[in-house]
Amino acid sequence: MSTRSSRCIVSLLLVLLCHGAAAALATRPAPNASLAATTNGTCRSRVEPFGYRCEEHTVTTEDGYILSLQRIPSGRAGESELGRSRKVPVLLQHGLMMDGLSWLMNSPNESLGFILADNGYDVWIANSRGTVYSSGHTTLSSADPAYWNWSWDELASNDLSAMLQYVYDQAGQQKVHYVGHSLGTLIALAALSDQQPHVGMLRSAGLLSPIAFLNKVSSPLALAAADVFLAEALYWLGIDEFDPTGDAVHKLVTDICKLPGVDCYDLMSAFTGDNCCLDSSSVQIFLSHEPQATSTKNMVHLAQMIRRGMIAKYDYGNANDNTKHYGQPTPPVYNVSAIPDGFPLFLSSGGRDSLSDVQDVQRLELQALKSHDKDKLTVQYLADYAHADFVFAGNAKERVYAPLMAFFRLQEK
Ligand SMILES: *[C@@H]1O[C@H](CO)[C@@H](O)[C@H](O)[C@H]1NC(C)=O
Ligand SMILES: *[C@@H]1O[C@H](CO)[C@@H](O)[C@H](O)[C@H]1NC(C)=O
Ligand SMILES: *[C@@H]1O[C@H](CO)[C@@H](O)[C@H](O)[C@H]1NC(C)=O
Ligand SMILES: *[C@@H]1O[C@H](CO)[C@@H](O)[C@H](O)[C@H]1NC(C)=O
Ligand SMILES: *[C@@H]1O[C@H](CO)[C@@H](O)[C@H](O)[C@H]1NC(C)=O
């Protein structure tokens, strides 16, 4: 199994752009996060070269994680500082094993981060804990097992609340539009379902390639990986950090690819579905920077969802441990129907997406959200789109981002 394959296959629920561009894949040196953030950070490397202003910010979560955020406060036209406090903030949340760069990988005319700035928004780009520019912690180092002791439950409760509060305050106490891709949609749905207090700072949410229910996932590779994780959870949890470039993951991939019925030949399509419209120049940028590490606990949590068909908190595997953490023998369920019916939601899904499967999305839209106010729920279906197209397609501006911004405007009246 080549390095290329192993790096691709493990991006269980995300964008795998490994088609064709394998040559670009050199082993990435272990980055010094604080050095990289100041010398090669996202602003410096990917925003300022295009003539946009960009600010690096950090925010500390309740449990001590130091997260970086990038802000693009104005568009290419470079409006004056005047009026900035009146701009509406938008927070962009990437998916699994990606980071904030996801929103900036295509040209400025094609990438959502730049497009929103050019359309008068105050753009804030999130980077989840564990990614290269958000690997700091007040007391732990990323070499400590305890640093990786979290799943998407904490991304929804702690990372999102800290970033939202920060953006809301910096923007002059203005409510924030949210855009999530893939795991970034689950984070928002979970926080909204729980009616966590910080969601009061949200104005609306745009969910691209929504992930809520995962039990119709059709990707054979994702299914096989989920089985391996659940069967060997104890072994995997001993590894703490799920580093897509590390040896343990390499072995996982090798094992999965030996299973009958799993075809590792076209990994990208096998995982995400057949993406229609990827921009090839962004593939190079992707390969030099992603996939990013996550926690093994997060992967096990996602595997639980794929195999159990529910959206619930992390399952510690037995009644005792669950009771210790949750005060009940089974993990609490996130009740998507409890999302306030009047909360503005924009859902965009693709017909060829093998991770955000059509049937799972229908269960979300038609069952879980069936009592949602019809004028607060905009649903878009793009028959030819797969998982990665929502962030990387050259035509996403016309197909997805223009309708998304039209929806935002309606919520600003
Ligand atoms: C990382 O870079 C920072 C800033 O230059 C430096 O202070 C620190 O010692 C470096 N850490 C390592 C592990 O090299
Ligand atoms: C900065 O980027 C250059 C070129 O991509 C790379 O060679 C260098 O190692 C990077 N430095 C850090 C600290 O990440
Ligand atoms: C990007 O859009 C601007 C404004 O619409 C246009 O002038 C420019 O030619 C476009 N650039 C590219 C590379 O398409
Ligand atoms: C992980 O956190 C839980 C509490 O959420 C704690 O019970 C457990 O001991 C922690 N494990 C490690 C390895 O830090
Ligand atoms: C979920 O929320 C809806 C709406 O508030 C409520 O009617 C339903 O009983 C809840 N379901 C569960 C299992 O709590």
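Start at 1 with the first residue, then count along the sequence. One-based numbering, in listed order, for ligands and for the atoms of each.
Residues passing the side-chain contact (heavy atoms from CB on, under 4.5 Å) test with A146 are L140, sequence neighbours excluded. Not counting sequence neighbours, the partners of S204 by the side chain to side chain donor-acceptor pair (under 3.5 Å) test are H177. Residues meeting the ring pair (Phe, Tyr, Trp, His ring centres under 6.0 Å) test with Y334, sequence neighbours left out: W152.
Annotation: ligand 4 has protein neighbours A146, N149, H325, each with a heavy atom less than 4.0 angstrom from the ligand.
Side-chain contact between Q196 and S157: present, with at least one pair of heavy atoms (C-beta onward) separated by less than 4.5 Å.
When only interatomic distances are considered, the shortest N/O to N/O separation between N335 and ligand 5 falls below 3.5 Å.
Separation of the F346 and F408 ring centroids does not fall under the 6.0 Å cut-off.
At least one donor-acceptor pair under 3.5 Å links the side chain of N127 to the backbone N or O of S68.
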